[in-house]
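If you're wondering where the values come from, they're calculated on a predicted model, not measured in any experiment. Numbers here simply count residues along the sequence, with the first being 1.
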Amino acid sequence: QVQLVESGGGLVQAGGSLRLSCAASGSIFSVNVMGWYRQAPGRQRELVATITTSGSTYYAVAVKGRFTISRDNAKNAMYLQMNSLKPEDTAVYYCYADIRTITKWGTDAYWGQGTQVTVSS
């Protein structure tokens, strides 16, 4: 069994900052790419940022320059530092990880339960 647990969401005023965390636990052999997605009410889930094991990153255009993704491979953890937040960043943010468990070959996608981020104007 593998679990991804997010934390750090909340309510913040426009221009403020929040830091999201995601920790993977369970029968993990290795964690490959990790990422953050978000879903606003009435909209499809969208990619926010990804990071590989070696630290290569990708950002959606909407967040580039404002958000920073990072990870701690020793802790199977990932973070999203969100600065200069805008009301349009309001969404449920989901942690994603591509994980190989100790019980099988190959990898599977795992998702966290989501954490709400609300940015007031």
Side-chain angles (χ1 to χ4, degrees):
Q1 293 285 351
V2 172
Q3 281 190 318
L4 295 183
V5 178
E6 301 116 331
S7 60
L11 173 63
V12 65
Q13 288 189 328
S17 297
L18 281 174
R19 185 174 187 249
L20 304 184
S21 299
C22 171
S25 63
S27 305
I28 296 171
F29 180 83
S30 63
V31 181
N32 299 327
V33 67
M34 302 183 79
W36 292 96
Y37 284 72
R38 67 185 181 185
Q39 186 166 20
R43 302 188 63 176
Q44 289 188 329
R45 189 174 297 190
E46 63 177 5
L47 176 65
V48 176
T50 62
I51 185 166
T52 66
T53 305
S54 61
S56 296
T57 59
Y58 166 84
Y59 295 95
V61 172
V63 307
K64 200 167 187 178
R66 301 187 297 122
F67 291 11
T68 302
I69 189 171
S70 60
R71 65 188 285 173
D72 184 335
N73 292 330
K75 296 180 179 180
N76 290 330
M78 175 181 62
Y79 311 96
L80 186 68
Q81 178 66 42
M82 304 185 293
N83 298 328
S84 303
L85 282 161
K86 305 175 181 179
E88 51 263 44
D89 294 318
T90 295
V92 177
Y93 283 70
Y94 296 91
C95 167
Y96 159 89
D98 191 48
I99 295 174
R100 179 184 168 189
T101 65
I102 62 175
T103 59
K104 62 175 283 190
W105 292 101
T107 62
D108 290 302
Y110 291 87
W111 293 87
Q113 80 285 356
T115 185
Q116 178 70 46
V117 171
T118 302
V119 184
S120 63
S121 57

Counting distance only, does the side-chain N/O of [X] pair as donor-acceptor with the main-chain N or O of [Y] below 3.5 Å?
X	Y	answer
R71	T52	yes
T115	G9	yes
T90	V119	yes
E6	G114	yes
N76	V31	no
R66	S84	yes

request  = Show the numbers, then the answer: is there a side-chain contact (heavy atoms from CB on, under 4.5 Å) between M82 and V117?
outcome  = CA-CA 10 Å; M82 304 185 293; V117 171; 3.9 Å; yes
Quick one: pull up [atom1] in [X] and [atom2] in [Y] and give me the separation to the nearest 0.5 Å.
X	Y	atom1	atom2	value
D98	M34	CG	CE	10.5 Å
L20	S7	CG	OG	8.0 Å
I69	T57	CD1	OG1	7.5 Å
L80	Y93	CG	OH	7.5 Å
Q39	E46	CD	CD	9.5 Å
Y59	T68	OH	OG1	4.5 Å

query = side-chain contact (heavy atoms from CB on, under 4.5 Å) between R100 and W105: does it pass, once the steps are laid out?
reply = CA-CA 7 Å; R100 179 184 168 189; W105 292 101; 3.0 Å; yes
request  = Please say whether the positively charged group of R45, taken as NZ for Lys or CZ for Arg, lies over the ring of Y37, i.e. under 6.0 angstrom from the six-membered ring centre and within 45 degrees of the axis.
outcome  = no
So which atom in [X] and which in [Y] form the shortest heavy-atom distance, rounded to 0.1 Å?
X	Y	value
I99	A24	CD1-CB, 4.2 Å
Y94	G112	CD2-O, 3.7 Å
S17	N83	OG-OD1, 2.9 Å
P87	S121	CG-CB, 3.8 Å
A62	R38	CB-NH2, 4.0 Å

key: Verify same cluster id: Y110, I28 (apolar side-chain graph, 4.5 Å)   =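 Same hydrophobic cluster.
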request  = Please answer: with hydrophobic residues joined when any side-chain heavy atoms are less than 4.5 Å apart, are F67 and V33 in the same cluster?
outcome  =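 No, because F67 and V33 fall into different hydrophobic clusters, even though each may have its own neighbours under 4.5 Å.
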task = Verify side-chain contact (heavy atoms from CB on, under 4.5 Å) between C95 and W36, making sure each step is shown before the conclusion.
result = CA-CA 5 Å; C95 167; W36 292 96; 4.0 Å; yes
ask   = Are the side chains of D108 and T101 in touch, meaning some heavy atoms are under 4.5 Å apart?
value = no
key: Y96/L4 under side-chain contact (heavy atoms from CB on, under 4.5 Å): CA gap, chis, key distance, verdict   = CA-CA 8 Å; Y96 159 89; L4 295 183; 5.6 Å; no
